[in-house]
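I have placed the structure first, in the form of structure tokens, so that the comments after it can refer back to it.
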2 protein chains.
Amino acid sequence: MLSVAVDVVIFTLRNNDLQVYLVRRYEEGYESLWSLPGGIIRADEPLEDAAMRQLREQTTVEDIYLQQLYTFGAPDRDTRRRVISVAYFALVSPDQLARECQDDQNSNRAWFNAYNLPPLAFDHAEMLDVALTRLRYKIEYSAAAFELMPEEFTLRELQDAYMIILNDHTLDKANFRKKIREAKIVESVSRYKRTGGRPAKLYRFRKDAQLESKARRFFP
Amino acid sequence: MLSVAVDVVIFTLRNNDLQVYLVRRYEEGYESLWSLPGGIIRADEPLEDAAMRQLREQTTVEDIYLQQLYTFGAPDRDTRRRVISVAYFALVSPDQLARECQDDQNSNRAWFNAYNLPPLAFDHAEMLDVALTRLRYKIEYSAAAFELMPEEFTLRELQDAYMIILNDHTLDKANFRKKIREAKIVESVSRYKRTGGRPAKLYRFRKDAQLESKARRFFP
DNA sequence: TCAAAAGTGTTCAGCTTACACCCATGA
DNA sequence: TCATGGGTGTAAGCTGAACACTTTTGA
């Protein structure tokens with residue numbers, strides 16, 4: 001019979017690296033492959049709740065930025081039986097996973113560099129592709145990037161986050177800062193972070209900030 | 001038991017009007033309400049095929065711009081049993097529905113003004129909302145609007161299409177034309193259309209045109 | 001006092017916006 | 001010849017890219 005599942009692409013930023021959380025599921029046919037955390041939805045469970053449950057059960061993080069991504073329904077995407085999967089994508093800040101979710105590298109769950117993934121089960125490679133495209137897109141016209149930042153951060157760290165996600169390390173410092181300033185999206189906490197040189201001002205995301213900006217249009 | 005359906009939001013532009021195709025389904029509990037064309041997917045049918053089948057069966061149009069929109073899965077969205085619905089949205093040009101799909105106003109299928117809809121069954125009003133937002137979004141950074149235009153059109157007609165869809169009738173003629181010219185997205189056929197005044201040049205969409213443009217970004 | 005990183009100002013090219021103007025047609 | 005709608009040019013102001021510069025710290 002047909003069933004409906006959710007799969008969750010969980011991104012985080014750690015060690016100057018865009019990372020994705022993967023689990024190893026021991027099931028017939030897909031034995032040694034990594035896959036996205038996910039599972040069959042319950043009879044009376046809303047889709048988003050099911051995705052949130054996967055997050056809680058598999059990573060112990062809670063209250064996370066979570067959004068529906070796309071629904072994958074090819075009849076043969078799971079060779080055993082038909083499973084329609086609604087993919088979600090989630091953004092987790094390093095703060096949020098501080099205690100749990102350490103790098104159990106030899107266990108059945110681990111964080112992987114999003115640009116250097118192992119072979120994945122089912123159509124999960126495609127899901128990741130869609131998720132990465134969407135993530136890049138979102139940080140350009142919304143404040144989604146802040147979901148991946150710690151509570152307090154320097155502007156350099158924020159710029160690094162953008163460059164890592166966009167995979168483009170050529171952003172101009174001065175122009176980046178000007179944009180951030182004009183968007184009125186962060187506010188300074190009056191503290192500093194030590195670096196190799198002059199200490200950097202710490203900022204935090206403004207709770208009352210305008211979250212989305214209408215992108216300049218193709219046509220007028 | 002749980003089942004999976006597709007529902008299709010079909011847009012067209014006719015009579016200076018953005019229109020949506022609706023059908024009346026006689027089923028218990030939802031008797032006199034209009035709803036989006038849709039239905040349960042077949043056991044081995046890909047989602048997009050199911051959506052395309054709805055298009056063919058209910059409207060007799062074929063080979064249409066069709067895209068997945070969003071998946072709706074609230075447990076009570078259909079009070080009779082659980083149905084997860086994958087919504088698609090489709091764009092049809094007036095050319096494509098010339099013969100069939102006339103305005104059978106008193107029948108069980110008809111075109112409605114997208115800005116003035118009757119009460120809809122299930123969560124179809126929400127689907128339409130999402131679809132309209134997406135449509136507006138898409139025509140701003142892609143050439144999706146051309147899917148709603150006839151084979152040949154004047155620049156004024158194209159501008160009207162944009163203004164109707166965006167619900168913003170203040171676009172500047174000169175600037176709109178400049179943008180279209182610079183995007184190299186249309187080419188002139190050497191014919192004219194009669195109007196109230198000076199005849200208007202007819203254009204058609206360039207098959208080799210760049211279909212998407214990277215929108216100017218929020219952050220650099 | 002020097003390297004390293006934070007942080008700022010200025011210029012120039014290109015784009016957007018607004019608006020004025022000319023052109024071709026039919027009545 | 002005038003109303004109607006098609007079609008174009010241009011000045012003013014804003015935005016983004018590039019780059020040079022100053023500031024503050026630790027070694």
Side-chain angles (χ1 to χ4, degrees), chain A residues 15-16 136-137 139-141 145 149-150 152-164 166-204 210 212-220, chain B residues 15-16 139-141 149-150 152-164 166 168-204 210 212-220:
Chain A
N15 316 328
N16 271 354
R136 286 190 178 142
Y137 202 67
I139 66 166
E140 293 186 349
Y141 70 87
M149 301 300 292
E152 299 180 356
F153 49 85
T154 68
L155 293 186
R156 176 57 131 97
E157 288 166 349
L158 183 59
Q159 185 181 344
D160 281 342
Y162 270 87
M163 294 195 297
I164 289 165
L166 298 175
N167 207 7
D168 167 7
H169 294 262
T170 65
L171 300 193
D172 180 274
K173 186 176 39 154
N175 295 334
F176 183 83
R177 280 154 190 262
K178 203 184 306 169
K179 267 256 165 131
I180 297 292
R181 212 182 308 135
E182 282 161 8
K184 294 192 194 309
I185 209 167
V186 298
E187 61 193 3
S188 159
V189 303
S190 302
R191 301 196 293 106
Y192 292 81
K193 177 169 190 168
R194 299 184 55 194
T195 66
R198 169 175 172 178
K201 232 178 189 157
L202 282 165
Y203 292 83
R204 66 163 165 249
Q210 186 75 20
E212 302 217 350
S213 113
K214 197 150 185 67
R216 198 77 66 83
R217 306 190 300 212
F218 184 25
F219 293 125
Chain B
N15 316 328
N16 269 354
I139 66 166
E140 292 187 349
Y141 70 88
M149 302 299 292
E152 299 181 355
F153 49 84
T154 69
L155 293 186
R156 176 56 131 95
E157 287 165 349
L158 184 60
Q159 185 181 345
D160 282 342
Y162 270 88
M163 294 194 298
I164 289 165
L166 298 175
D168 167 8
H169 294 262
T170 66
L171 299 194
D172 182 275
K173 186 177 38 157
N175 296 334
F176 182 83
R177 280 155 191 260
K178 203 185 305 172
K179 267 255 163 131
I180 297 291
R181 213 182 307 135
E182 281 161 9
K184 295 194 194 309
I185 209 167
V186 298
E187 60 192 2
S188 159
V189 304
S190 303
R191 302 198 291 106
Y192 292 82
K193 178 168 190 168
R194 300 183 56 195
T195 66
R198 172 175 168 176
K201 233 178 188 155
L202 281 164
Y203 291 83
R204 67 164 164 246
Q210 184 77 17
E212 302 218 349
S213 116
K214 197 150 183 69
R216 197 80 66 82
R217 305 190 301 210
F218 184 24
F219 292 126

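In the text below, chain A, chain B and the rest are named by the order of the sequence lines, each starting its count at 1. Just the heavy atoms: all of them, side chains too, but no hydrogens, waters or symmetry mates, feed the values below.
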Practice problem: State, with a plain yes or no, whether a side-chain heavy atom of A:M163 is found less than 4.5 Å away from one of A:T170. | Solution: no

Exercise. Hey, could you give me the CD1/CG distance between A:I180 and A:N175, rounded to the nearest 0.5 Å?
Key: 11.5 Å

Quiz item: Could you give the CG-to-C1' distance, from A:L158 to C:dG7, as a whole number of Å?
Solution: 15 Å

Quiz item: What's the CG-P distance between B:L155 and D:dG6, to the nearest Å?
Solution: 10 Å

Quiz item: Where is the tightest heavy-atom contact between A:E140 and A:L166, given as atom of each residue plus distance?
Solution: OE2-CD2, 3.4 Å

Practice problem: Measure the distance from OH on B:Y203 to P on D:dG6 and round it to the nearest whole Å. | Solution: 12 Å

Quiz item: Going 5' to 3' along nucleotides 18-27 of chain D, which nucleotides have protein heavy atoms under 4.0 Å from the base (write B), which only from the sugar-phosphate (write S), and which from neither (write -)?
Solution: BB---BBBS-

Quiz item: When the distance from NZ of A:K201 to P of C:dA5 is rounded to whole Å, what number comes out?
Solution: 20 Å

Self-check item: Cationic N near anionic O, under 4.0 Å, A:E157 to A:K193
Solution: yes

Exercise. Grab the CG-P distance between B:L171 and C:dT16 for me, whole Å please.
Key: 13 Å

Quiz item: Rounded to whole angstroms, how far apart are CD on A:E140 and P on D:dG16?
Solution: 13 Å

Quiz item: Could you give the CD-to-P distance, from B:Q159 to D:dT8, as a whole number of Å?
Solution: 13 Å

Practice problem: Without swapping roles, check the side chain of A:Q159 against the backbone of A:F176 for a donor-acceptor pair under 3.5 Å. | Solution: no

Quiz item: B:Y203 and B:F153: aromatic ring centres closer than 6.0 Å?
Solution: no

Quiz item: Over how many whole Å does the gap from B:F153 atom CZ to D:dG6 atom P extend?
Solution: 15 Å

Quiz prompt | Side chain of A:A200 (C-beta onward), nearest among D:dT8, C:dT8, C:dA6 | solution = C:dA6

